[in-house]
Amino acid sequence: MAVLPPDLAEAARRLFGDRLDLAAAYAELLATDGVVRGLIGPREAPRIWDRHLLNCAVVGELIPSGASLIDVGSGAGLPGLVLAIARPDLQVTLLEPLARRTAFLDEAVDALGLHDSVRVLRGRAEEAAAGPEPVQGDVVTARAVAPLDRLAAWCLPLTVAGGRLVALKGASAADEVVEHAPAVHRLGGAEPVLHRCGEGIVDPPTVVVEIVRERMVGPTSRKSAKKTRSDRSRHRR
């Protein structure tokens, strides 16, 4: 069901190298169990390679060698599990609050034999950052999770000082950067930088917003983030 299209074979070999068979096994899991369990829409199955695997794998060009990575709202493992396959040098934590999704992730890690480099944690970003044993990584990734201001509030506390948030975004990325840059600064982040990953490898390139954590600001709860947005709305009126 998740056959690698011939026109994508060269890009897939370039991104996954000798772990291409492992990527293919994960693609098949997404196209079968992922669809049955509602993690991937049925119409997505024919586009798993271009829309999901290759789209996520190219983000590896922004991630330093040997980095620890936390994938927030990992869902079906995108991009965290893809990056763990493409980049065996990484130590990856898949952070996901929903039990049915963490069950799939646990099974996928088992099936793919990735226990040495991947762990699955059930929980929300703000809980993981503020717990008795805070979870932190060199890089935090997120794909289609939330607008940039909320994403920075939840994810920057999970990065070490000087670490970075790498958010996979779509066509609205440039507008989000303009709108939310002041909020990102208040949260301890540097100026958001827009990247187009995979140029010359995938078409279209993956649009990514990168934010370096410059200052240590504590975790922000969902309640506080909602209050901030509500206050901002009142000021606009």
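If you're wondering where the values come from, they're calculated on a predicted model, not measured in any experiment.
Shown here for E61 and R196, the closest heavy-atom pair between the two residues is OE2-O, 4.3 Å. The heavy-atom pair separating Q136 from P157 by the smallest distance is NE2-O, 3.3 Å. Closest approach of P134 to A129, counting heavy atoms only: CB-O, 3.4 Å. What you find for I70 and G137 is that their closest heavy atoms are CD1-N, 3.4 Å. The heavy-atom pair separating F16 from L54 by the smallest distance is CE1-CD2, 3.9 Å. The heavy-atom pair separating T32 from E28 by the smallest distance is OG1-O, 2.6 Å.
Crowding of D110 atom CG: a count of heavy atoms from other residues, nucleotides or ligands under 6.0 Å exceeding 12. Counting heavy-atom neighbours within 6.0 Å of R14 CZ, excluding the residue itself, gives a total of 12 or less. The number of heavy-atom neighbours closer than 6.0 Å to CZ of R100, taken from other residues, nucleotides and ligands shown, is above 12.
Here the side chains of R215 and H185 are in contact, with some heavy-atom distance below 4.5 Å. In this structure the side chain of V58 never reaches within 4.5 angstrom of the side chain of E199, judged on heavy atoms. Counting heavy atoms from C-beta outward, F104 and L30 have side chains that approach closer than 4.5 Å. A heavy-atom distance below 4.5 Å is found between the side chains of E107 and R37. With a 4.5 Å cut-off on side-chain heavy atoms, H180 and P147 count as touching. In this structure, the side chains of L69 and V140 stay at 4.5 Å or more apart for every pair of heavy atoms.
Residues L8 and I48 share a hydrophobic cluster, clusters being chains of Ile/Leu/Val/Met/Phe/Trp/Tyr side chains in contact below 4.5 Å. L148 and L194 fall within a single hydrophobic cluster, where Ile, Leu, Val, Met, Phe, Trp and Tyr side chains are chained together by heavy-atom contacts under 4.5 Å. Hydrophobic clustering places V177 together with V207 (ILVMFWY residues linked when any side-chain heavy atoms are closer than 4.5 Å, directly or through intermediates). Connection of V120 to L22 is established within a shared hydrophobic cluster, with ILVMFWY side chains joined at heavy-atom distances below 4.5 Å, either directly or through further cluster members.
In this structure a side-chain-to-backbone donor-acceptor pair under 3.5 Å is missing from E214 to G188. In this structure a side-chain-to-backbone donor-acceptor pair under 3.5 Å is missing from E44 to G41. No side-chain donor-acceptor contact under 3.5 Å links D138 to the backbone of A67. A donor-acceptor contact shorter than 3.5 Å links the side chain of W49 to the backbone of A2.
The CG atom of L53 sits 10.0 Å away from the CG atom of L15 when rounded to the nearest 0.5 Å. For the atom pair OG1 (T141) and CG (L168), the distance works out to 7.5 Å, reported to the nearest 0.5 Å. With values rounded to the nearest 0.5 angstrom, D21 atom CG is found 11.5 Å from L112 atom CG. Remark: D50 CG to L4 CG distance equals 10.0 Å, nearest 0.5 Å. Note: R143 CZ to D71 CG = 10.0 Å, rounded to the nearest 0.5 Å. Atom CG of residue L187 and atom CG of residue L156 lie 6.5 Å apart, to the nearest 0.5 angstrom.
Across L165, V166, V193, T159, a single residue satisfies side-chain contact (heavy atoms from CB on, under 4.5 Å) together with I211, and that is L165.
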Please walk me through it: do V208 and L62 pass side chain to side chain contact (heavy atoms under 4.5 Å, CB included)? CA-CA 9 Å; V208 174; L62 297 178; 3.7 Å; yes

Quiz: residues 77-99 side-chain donor-acceptor pairs under 3.5 angstrom, not counting sequence neighbours:
| from | atom 1 | to | atom 2 | distance (Å) |
| --- | --- | --- | --- | --- |
| R87 | NE | D89 | OD1 | 2.9 |
| R87 | NH1 | G60 | O | 2.9 |
| R87 | NH1 | I63 | O | 3.1 |
| R87 | NH2 | I63 | O | 3.2 |
| R87 | NH2 | P64 | O | 3.1 |
| R87 | NH2 | D89 | OD2 | 2.8 |
| D89 | OD2 | G66 | N | 2.8 |
| T93 | OG1 | R119 | NE | 2.9 |
| E96 | OE1 | S74 | N | 3.4 |
| E96 | OE1 | G75 | N | 2.9 |
| E96 | OE2 | L98 | N | 3.0 |

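With sequence neighbours left out, S172 forms a side chain to side chain donor-acceptor pair (under 3.5 Å) with E176.
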